[in-house]
Structure formats: C-alpha cells, structure tokens
Amino acid sequence: MTFKSILDEIENNLNKVLSDLPISDVVFSVEPSKPGFGNVSSNVSFLLAKQLKKSPQHIAEMLSEKYSHCANTLVLKSEAHPSGYLNFFANWDKLTQLILSESYLDTFGDVDIGKNSTIVVEHTSVNPNKALHIGHIRNIVIGDTISRILKKANYKVNILNYIDDSGLQVADIIIGFKHFGYDQEPPDGKKFDHYCGDDVYVKTTEKYETDSSLEDVRKNVLKELENGDSETAKFADKITRRVLAGQLETCWNLDVSYDCLNFESQIIRSGLWDKIFENLKEMDLIEFENEGKNVGCWVIRGDNKEEDKVIVRSNGTATYIAKDIPYAAWKLGLLEDPFNYEQYGKEQPSSRVLWQTTLNDSNPVSQNFTGEKVITVIDSRQTRLQKIITSLMGKFKSIPDAYVHLGYESVTLSSETAKTLGLETDGKQAQMSGRKGLYVSADSVYEILKEKTKEETLRRHPEMDGDEIEKIAHYVSVGTLRYEMIKQDLDKIITFDLIKSLSLEGDTASYIQYAYARASRILEKSDRVPSINVDFSLLTEDSELDLIKNIGLFNLQVRDAANNLSPKVIARYCHDLSVAFNSFYEKSKVLDLGDENLENSRLCLVNSLKITLEKSLNLLGIKTPDRM
RNA sequence: GGACUCGUUGCAUAGCUUGGAUAGUGCGAUUGCUUGCGGAGCAAUAGGUCGCCGGUUCGAAUCCGGUCGGGUCCGCCA
C-alpha cells in the first residue's frame, strides 16, 4: 500500500485521539513532509486552535503526547514543531519493505477511480488539409497522456479522432487542385500532408486577397462537399484521406494511437442532427426567434450577460456549433448509433486495432466507442463554444461532469523562430497560422531533434551499430518532444523556440531517461537477479530513504493526475524520481562494496526505481532505453 | 463594451483546488567534483516587496474585491 499506508495509519490514529477531545469534527491534512521536518506532517493543531483556545504549538504538544499511546506499526515517533505542525517519523525498516515489495508488482501505481467505467477521450481532430504543426502536438500529447493516466486509474478508455473533412479549410485545397491545377502528386517525394499545407493551401488562400470572385467558388465547393454523391465530395474524400494518412504517420511516430476515426462528413449525412434538433425543441433548450436581429433563427439563450447563440439560420441550415451537438451526444451514447464500422486500412504500430466510421451498410459491423463520460481536448480559444455544449450535455445526462472540455493554451513561436520563417515581430512572440504558412511542422522538429541526439549518442558510443543508435535517438527525441508539451500547466502558453527546444539537459526527458539508463547499467553489471528478500534495515542513508519515499508516492501521484486531468503531475513525478536517484547514485555506491547483503539491498532499491520510472514514463508515452 | 485567462529572481517554471514551518526546480552566471556503478550527472554560491492596492484571518504566493499589464474569445464564417 506504499507511502499511503503510513498516511492512513496516522490519520486513523489522529481521529482516535481527537474523538476523546471535546471538539467538533475537523478535516485535517496528513501529508508527506517538506525536507527537514520528519516524514509526515499534519496541520491538525492549527485547525483546533480556535476551538480549544490554545496556541497551535500547545495543541501539537498535547496531541503528540496522546499519540505516543496509540498502536503504531509504521510510525516511530511524533514530534510537536514550535511552528504548530505535528510531524511524524517513519519506522523505515517496515515502510521500506512495504514500498519496495509493492513496487515489484505489476499493479504498482494502479488506482481505482474509474471503477472500470467507460470514458471517451477525443483529441487531435485536425482539419485534414495540412501537416501537423507543433501546436497540434500539444493537443495530441495531452490527449494521449490523459488517456494513459485514466487507463491506469481503471477507466476503460475509448480514444477518438474527429476528422473535420467538410469545412472551409478542406474546400480551400480542393479549389487549389480543381481551379489552380495543382498536381495531385507532390514534388520530390514530399509527404502529401506537407505538400497540401505548405503549397496548395497557403498559395490558394493567398489568391483570395487579390481575386474577390473566388468567394463564390468557395461557397459552391463548400455546398457540394455536404452532398456525399457529388463529384467534388468524392474527390475531397480521396484527398483528405491521403492527408489524414500523413497526419496519422506523424502521430504513430510519437507513440500515439486511436480506437476510432469519426468523419464529420458522415455525421452530417447520418441524420443525427435532425434527431438531436427534435430533442432540443422538445426539451425547450432552443427557441425560435420571431423578432430582433436573429429573427427566423433557432437560438440558445445566453446566460445573463452572454449573447444568444444561433443554432439554425433563418434559411434552415445548421451553424458550426450545431454540428458539434449531435457528435457530443453521440459520444455520450445518448443517440442510436447510425454508423457501421470498418478497420482502417493500415495497422497502427501499437497494434491497437483502429476502426473508422462508415455509412456503407453492405457488410454491417457494429462497435461501441461511446462512454459514460467524455473528455474533449480542444484549445482554450474554443472555451466559449464548448461551454454551451457542456451545459447542453448536462441537461441530457444526469451524472455530473459527464462532458468535460479539457482546454489548454496555444503554442506560439518565439520572435527568433518566427524570424527564421520570415516574420519580423519586434521581439514579440507570434501566433502560428496554417493559412499564412507561419508554423513549424511536427515532422521537422522531430527530424532535427533526432539528428542532434544521433550525433550525441554516436559521440558517446562510437562502437554502437547504426540500428541501435537510430532506436535510441528515436526514443530520446520523441521523449523530449512529448515532455516539453506536458511538463507545464495546461493554461500556460508555450513559446516554442527551435534552438532552445534542442536542449537535452536539466528538466528534460533525456535527464530522466539518463537516470533510467544508469540504473539499468548497474543491474546489468551486477550479474545478479534483484530480489526483494533482502535486509531492508541496511538502507539508512538520507538519499536512500528519500528515493524510497518518492517511489512510494507513485499511486498518490497517479490519483492526483487522474482526478485533476493533469499530465504535468506525472511529468514532475518522473523528474523528482530521477533527481532522487541521481543524488543516491552519487552518494551510495551499489557494486563492489565487499558487503553482499548491502549490495543486495541496494540492488533491490535500484531495480525498484527502474520499474517505477519505467511505469511512470510509460504514462507519458516515453520509452526507456537501457543505454543512451 | 462584455467575458475568460496568465502575471512568482535576467529568462522559463512548481506551489494556489484544501491558507500555516525555510517559496521548490530548470536555463543562464560564479565555483568545485571524472584512476570511481556512465559528467545527458552531482555538490555549492549569488539572484525573490510572489504585478500593484485594499479586505478577510492569529496567519495570505494561496481566499475575496479592485486595479494595471500581456494573451484569447464574443458572426445567420468554419
């Protein structure tokens, strides 16, 4: 039961002590201490100060005295700190044994928040008209990491990628191919998604500025896209699927995979909208306007200060946000499923089976990718619209927080990086723009990182063969990219700088992977199979106990990350584990000590660290090379 | 005009949900540590009125109100 055991023991005992006192209930904290204040601390005396009309320090002393009469197995002693905190010191022999034995189990770090219920995580959802850029990567990595964490928290996770294949952005590249004669084959073996985004899309939209007659062409193409039988729609389907294939290559390369691809064009043609429209009317969630600026439209009333939102235009067509409503309801399993399913044409490297929706019913296969809860990862510019969806879904589904919009701030370009792309910003950061061609593609960042890590690895290991270097460079560059995208808070803007992103020192994935490689090498050189049948009382150094404590915090960190949908919690945990291990590594030698018992105890600890680091990095989708 | 969000050392960031002890970390700067289980490392020094003002409290980076500065959103576009 890890470090939580001692927290539970203290909490139970404190509750017993308090039950003998003439006080009303208080909710106190029992937490791991800051360094230098014992191992566990409680704020209980502060909370009682008012009721008992005594100073926190007095109360702490009184509680400490009473606590010493409690039955303790994991606590050695308690101590009243002059500040008023009540600090506890662990019985490390027992606690170490508990934590290290648990860490060897496959289930280590598992927490049960989901109770095996289903949850949908939707992420990526990039228009299939361009290659993924570094901003999209933040979405993808957040979504993938959250999925992994929720799975660890005992949810059954369905991962969806929504393919918006019928919007304006798709119309634009279709115009490029159809009206400006862009070749369907990219030049010099360029990836098709890059070709569409860099060349066709950017150059086509440039022409809108000089030729206003194109606006009509654009509208017509958009209309034709909605009709599945039109020549234009069939052509667009072909093109967008080729782009999608390119985008998926990029995602797979980052160790991201999906369960199902949902095509917007099919949602539109499925008739789901008509059903949800009827529901909305029946439940009085939308109203028809008889007067005012929105006369003739169906609208959702804004909350007090907010404007009404038009859902159906006066000409009877649905607006952008309206398309999201049936999809959100579908994800929650509120609508009868109009789709059949077929497997995607190519296997995912993770070998997870990838399905896609289809309206073709010649060979009907049904699947269920809905969930009791839904998490939609979209950047925070969409917060306003997502709020409306969330509120609507709250009226359809009774469980709280059934539909969650997981928002995050965007990735901008540093002025230096913007400059290399030809934009002078006066020292300010710049928003990326697919339309203007102002972006750094995910594939190019990966390639540059990989070149650098290859050089670095080769310099350290001239003897290594090419395949192994390739593999290590891949692991390190994917790890670096993923770690940079989730190590900070979701609502902090990431200013991406191409040069700074190449750093492999300090708070980076490679620092953590390096710690792992060090641990691996010790175990490899030991020529022994690490065992948990060792003398735990030999592990007494501060650096050893600190490492054990950190290992024991794993499940608490997973719980925190899952409850708060916060990937950075795990990122910080991986970093903390590595710091603790590197510090141990400098202070305590493991091999050639001339004391077999101590060696075995330390090997047991090193192996425990290795297992824990591997498991926690796995939650971040970061691989662990044994050498690097 | 309205709403949301960010503001912590030269730069970047943690801590804020649940108020208490010495505000933690990385980059950069200065200085040490490689005949040692791998220096992508370790140890140490310098650098902070937690944007500003006020309130609540015995106690505020943390809660509340206001204010300033940066960013974003607010269409019968998608």
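Chain A is the first sequence line, chain B the second, and so forth, proteins listed ahead of strands; every chain is numbered from 1. Since we're looking at a predicted model, the values are computed, not measured.
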Categorize [X] for me: base, sugar-phosphate, or nothing, with a 4.0 angstrom heavy-atom threshold over every strand shown.
X       : answer
V310(A) : sugar-phosphate
V295(A) : base
N564(A) : base
G167(A) : sugar-phosphate
Q382(A) : nothing
S566(A) : nothing
S588(A) : base
N294(A) : base
L591(A) : base

Compare the minimum distances between each of [options] and the side chain of [X], then state the nucleotide with the smallest one.
X       : options                : value
D491(A) : C6(B), G38(B), C76(B)  : C6(B)
K492(A) : A78(B), C6(B), A40(B)  : C6(B)
S314(A) : C76(B), G71(B), A78(B) : C76(B)
E307(A) : C74(B), U5(B), A21(B)  : C74(B)
R381(A) : G20(B), A3(B), U72(B)  : U72(B)

Counting only side-chain N and O atoms of [X], is one of them less than 4.0 Å from OP1 or OP2 of [N]?
X       : N      : answer
Y511(A) : C42(B) : yes
K309(A) : C77(B) : no
R313(A) : C77(B) : yes
K500(A) : G28(B) : no
R518(A) : G39(B) : yes
R460(A) : G38(B) : no

Atom CG of D25(A) with >12 non-hydrogen neighbours under 6.0 angstrom: no

Determine whether the aromatic ring centres of residues F46(A) and F28(A) are separated by less than 6.0 angstrom. no

Aromatic contact between Y162(A) and Y327(A), with the criterion being ring centroids under 6.0 Å apart: yes or no? yes

Roughly how many Å is it from [atom1] in [X] to [atom2] in [N], rounded to a whole number?
X       : N      : atom1 : atom2 : answer
H58(A)  : C58(B) : NE2   : P     : 19 Å
E463(A) : G38(B) : CD    : P     : 13 Å
Y514(A) : G41(B) : OH    : C1'   : 5 Å
Y585(A) : A40(B) : OH    : P     : 10 Å

Can you check the distance between C16(B) and A23(B), where both ends of the measurement are the C1' atom (answer in whole Å)? 12 Å

Which nucleotide, if any, forms a Watson-Crick or G-U wobble pair with A23(B), using both distances under 3.5 Å? none

Check: S503(A) side chain, C27(B) base, donor-acceptor under 3.5 Å: no

Would you call E306(A) and R301(A) a salt bridge, using N to O less than 4.0 angstrom? no

